[in-house]
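These notes are about the structure you will find just below.
Positions are given from 1 along the sequence.
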Amino acid sequence: MTNQRATGADGTEGTDPGPARDGAGEPAGEGARESAWAELVATARRTVADGLVVGTSGNVSVRVGHTVLVTPSGVPYDRLTPADATGVDLDGRQVLGTLVPTSELPMHLAVYRADPGARAVVHTHAVHATAVSLLVPELPPVHYMTAALGGPVRVAPYAAYGTDELARGMLDALAGRTGCLLRNHGTLTYGTSLDQAYDRTAQLEWMCRLWLTAASVPGHSPSLLTPAQLAEAAERLRGYGRRS
């Protein structure tokens, strides 16, 4: 696929109207935006290296103030440079760059609008997670890391990619969760940082692989955690990684 350039309603290419701003309305600073773009590109490349996407499938975004930096459509991640930084506001208007934002922009923006604390979104086409989306309405709680995503991970109904219908179904599946599966499509997770969003994506794919592996053993059914066990895990995970 060839690189696409964004064009406004008046036929002009997209431009950057001014500095991004932080959540309090203060300028975020060019340095912060450049740093966030570099981290976004590194995360996007990681999804390919870890086998969570193929080619230019999947997408990544990070919020810097009122600007959402997002991977552009149809551009291989290993070709992205600082000059390719692509950003929109929370209404989807392009405010940075000339490349067309990912076609899955409605899903990313829906997350940021629904949860003001969301700072990063990762969408993949991970094989095991997508396979699970074909089989069950939610991923059974086979591991305590289920609690890190808010509970058993739901599967959003199928809808065409890039549509508002898909974004609405995703939001329903995300209620009380920080990740979901998209039927016949892939995964979406979010967090307060790119590292957290990516870790949740990786954990979700691993749990899907675990369930598929255990469920494939003839004559046996996977042991599942109870709501009480998940609640205990959630409580323990709240303090995980903190220093005293």
Side-chain angles (χ1 to χ4, degrees), residues 43-60 104 107 110-111 120-161 163 165-191 194-241:
T43 301
R45 290 173 179 171
R46 189 178 175 190
T47 64
V48 177
D50 290 351
L52 299 178
V53 303
V54 176
T56 60
S57 65
N59 27 78
V60 179
E104 297 291 13
M107 283 202 300
V111 171
V121 175
V122 176
H123 165 51
T124 78
H125 293 176
V127 173
H128 298 92
T130 305
V132 170
S133 81
L134 313 178
L135 301 171
V136 291
E138 70 177 24
L139 173 65
V142 290
H143 193 270
Y144 66 80
M145 284 305 292
T146 299
L149 295 172
V153 179
R154 306 184 190 99
V155 180
Y158 177 79
Y161 76 89
T163 62
E165 181 185 1
L166 177 60
R168 288 192 296 269
M170 172 212 66
L171 280 183
D172 288 342
L174 281 176
R177 307 288 189 267
T178 53
C180 71
L181 301 177
L182 308 169
R183 191 173 304 282
N184 295 82
H185 188 156
T187 71
L188 184 138
T189 60
Y190 75 94
L194 276 167
D195 280 345
Q196 186 181 65
Y198 186 85
D199 181 68
R200 286 171 172 167
T201 295
Q203 294 286 354
L204 178 54
E205 169 65 356
W206 181 84
M207 287 191 293
C208 287
R209 184 177 182 181
L210 173 64
W211 180 73
L212 287 170
T213 301
S216 69
V217 179
H220 295 271
S221 296
S223 172
L224 304 180
L225 297 178
T226 67
Q229 289 170 328
L230 285 179
E232 179 188 18
E235 184 62 31
R236 294 176 68 85
L237 286 169
R238 286 192 182 94
Y240 182 78

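- In terms of modelled atom types and a separation under 3.5 Å, the side chain of Thr163 and the main chain of Ala159 share no donor-acceptor contact.
- Evaluation of the side-chain hydrogen bond (donor to acceptor under 3.5 Å, both in side chains) rule for Thr226 yields Gln229 as partners, not counting sequence neighbours.
- Between Tyr198 and Thr43 the shortest heavy-atom distance is CD1-CG2, 3.9 Å.
- Here the closest non-hydrogen pair linking Leu212 and His128 is CD1-O, 3.6 Å.
- Contact record, Ala197 with Val122: CB-CG2, 3.9 Å, taken as the closest heavy-atom pair.
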Distance-only donor-acceptor pairs under 3.5 Å for side chains of residues 170-181, two or more places apart:
residue, atom, partner, partner atom, Å
Arg177, NE, Pro152, O, 2.9
Arg177, NH1, Gly150, O, 3.0

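- Rounding to the nearest 0.5 Å gives a distance of 10.5 Å between OG1 of Thr189 and CD of Gln203.
- The nearest pair of heavy atoms linking Leu166 to Glu104 is CD2-OE1, 3.7 Å.
- Sorted by first then second residue, the salt bridge (Lys or Arg N to Asp or Glu O under 4.0 Å) pairs that include residues 44-56, not counting sequence neighbours, are Arg46-Asp50.
- Under the side-chain hydrogen bond (donor to acceptor under 3.5 Å, both in side chains) criterion, Thr187 pairs with Thr124, not counting sequence neighbours.
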Residues 132-147, side-chain donor-acceptor partners within the protein, below 3.5 Å, at least two apart:
residue, atom, partner, partner atom, Å
Ser133, OG, Thr130, O, 2.6
Ser133, OG, Leu182, O, 3.4
Ser133, OG, Asn184, N, 3.0
His143, ND1, Met145, N, 3.1
Thr146, OG1, His143, O, 2.8

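- Ion pairing between a basic and an acidic side chain is recognised when a charged N comes within 4.0 Å of a carboxylate O; Glu235 and Arg238 show such pairing.
- A search for side-chain hydrogen bond (donor to acceptor under 3.5 Å, both in side chains) contacts involving Gln196 returns Thr192, Arg200, not counting sequence neighbours.
- With contacts defined as side-chain heavy-atom distances shorter than 4.5 Å, the pair Val121/Leu188 qualifies.
- In this structure, Tyr190 OH and Thr201 OG1 are separated by 12.5 Å, a value rounded to the nearest 0.5 Å.
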